[in-house]
Amino acid sequence: MNKVRPVVNNSNTSLSIDEAFEFFCKGVSQFGPFWDHVLGYWKESLENPHKVLFLKYEDLKNEPKIQLKKLVEFMGYGFSTEEETHGVIEDIISLCSFEHLKNLDVNKNGLWRNCVESKVFFRKGEVGNSKNYLTPLMVERLDRLMDEKLVGSGLVFQ
């Protein structure tokens, strides 16, 4: 059975994927329920779009060029025609790609908070890959839970 670092304490004990999933569904983590954070930032981005930019990983994967332009514009900049012509956008996308970041030495050999290997944060970087780690019942439960928690917000994940 897969083991993951604990989500509720700083001990060296590991939780099974089933235990960690149960904690997640109950909203138990060091920083509170996931959906509270997501909805908080989502709502703030709607109320103050000039202060908070809400990007979803799915969108970054599906439309990296559009999302990068959105980010740059949010920051008060833009790409010149010359930069676009010379492939600056594509270079940035390449440098920020999952594969590039995953293969940096610090992410292959470094430690997060001096106790967790950084590489555990990198699996495949594919949208929907969690389905390869969760049972069909877990996926169904998670989908229902997210629908319930996000209802009426306008926020939708793939």
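These figures come from a predicted structure and were not determined experimentally. Counting from 1, the numbers follow the sequence of the chain as shown.
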_Between L134 and L137, is there shared hydrophobic-cluster membership here, with clusters defined by ILVMFWY side-chain heavy atoms closer than 4.5 Å?_
no

*By ring pair (Phe, Tyr, Trp, His ring centres under 6.0 Å) - contacts of F34 (at least two apart)*: F24

_Qualifying ring-ring contact (aromatic ring centres under 6.0 Å, His included) pairs, either residue in residues 51-89, two or more places apart_ = W42-F54

*Could you tell me which residues satisfy side chain to side chain donor-acceptor pair (under 3.5 Å) with E63, sequence neighbours excluded, listed by chain and number?*
Q67

*asked:* Using a 6.0 Å cut-off, check whether atom NZ of K43 has over 12 heavy atoms from anything other than its own residue.
replied: no

*Which residues satisfy the salt bridge (charged side-chain N to carboxylate O under 4.0 Å, His left out) test with E83, sequence neighbours excluded?*
none

*asked:* Suppose we screen for salt bridge (charged side-chain N to carboxylate O under 4.0 Å, His left out). Which residues come up paired with E140, at least two apart in sequence or across chains?
replied: R144

_Could you measure the distance from the CG atom of L142 to the CZ atom of F157? Nearest 0.5 Å is fine._
10.5 Å

*salt bridge (charged side-chain N to carboxylate O under 4.0 Å, His left out) partners of K69, counting only residues at least two apart*: E84

_Among residues at least two apart in sequence or on other chains, which ones pass side-chain contact (heavy atoms from CB on, under 4.5 Å) with K149?_
W35, L145

*Output, in order, the C-alpha distance, side-chain angles, deciding distance and verdict of side chain to side chain contact (heavy atoms under 4.5 Å, CB included) for V139 and D143.*
CA-CA 6 Å; V139 170; D143 287 345; 3.8 Å; yes

_From D18 atom CG to T135 atom OG1, the distance as rounded to the nearest 0.5 Å_ = 7.5 Å

*Linking I/L/V/M/F/W/Y whenever their side-chain heavy atoms sit closer than 4.5 Å, directly or via other members, would L55 and V38 fall into one cluster?*
no

_Which residues share a side chain to side chain donor-acceptor pair (under 3.5 Å) with D105, sequence neighbours left out_ = N109

*Start with the C-alpha gap between L150 and V156, add the side-chain angles, then the distance that decides, and say whether side chain to side chain contact (heavy atoms under 4.5 Å, CB included) holds.*
CA-CA 8 Å; L150 302 179; V156 179; over 6 Å; no

_Nearest non-hydrogen partners of N107 and L101, listed with the distance_ = ND2-O, 2.8 Å

*Can you name the residues that form a side chain to side chain donor-acceptor pair (under 3.5 Å) with E117, not counting sequence neighbours?*
none

For residues 87-98, please give each side-chain donor-acceptor pair under 3.5 Å, one per line with the distance, not counting sequence neighbours.
{"from": "E90", "atom 1": "OE2", "to": "K65", "atom 2": "NZ", "distance (Å)": "3.4"}
{"from": "S97", "atom 1": "OG", "to": "S94", "atom 2": "O", "distance (Å)": "2.9"}
{"from": "S97", "atom 1": "OG", "to": "H100", "atom 2": "N", "distance (Å)": "3.1"}

_Show, in sequence, the C-alpha distance, side-chain angles and deciding distance for Y41 and S45, and conclude whether the side chain to side chain contact (heavy atoms under 4.5 Å, CB included) test is met._
CA-CA 6 Å; Y41 286 110; S45 75; over 6 Å; no

*asked:* If we count only N and O atoms by modelled type, under 3.5 Å, do the side chains of N62 and D59 hold a donor and an acceptor together?
replied: no

*State whether the number of non-hydrogen atoms from other residues, nucleotides or ligands found under 6.0 Å of E82 atom CD is greater than 12.*
no

_Taking side chain to side chain donor-acceptor pair (under 3.5 Å) as the definition, give me every residue that meets it alongside E22, ordered by chain and number, with sequence neighbours left out._
R141

*Taking the side chain as C-beta and beyond, is there a heavy-atom pair between R123 and Y133 under 4.5 Å?*
yes

*Partners meeting side-chain contact (heavy atoms from CB on, under 4.5 Å) with F121 (sequence neighbours left out)*: W112, V116

_Keeping K61 on the side-chain end and G125 on the backbone end, is there a donor-acceptor pair under 3.5 Å?_
yes

_Show the nearest heavy-atom pair for residues E19 and S16, with the distance to one decimal._
OE1-N, 2.7 Å

*Which heavy atom of S153 sits nearest a heavy atom of L39, and at what distance?*
CB-CD2, 3.6 Å

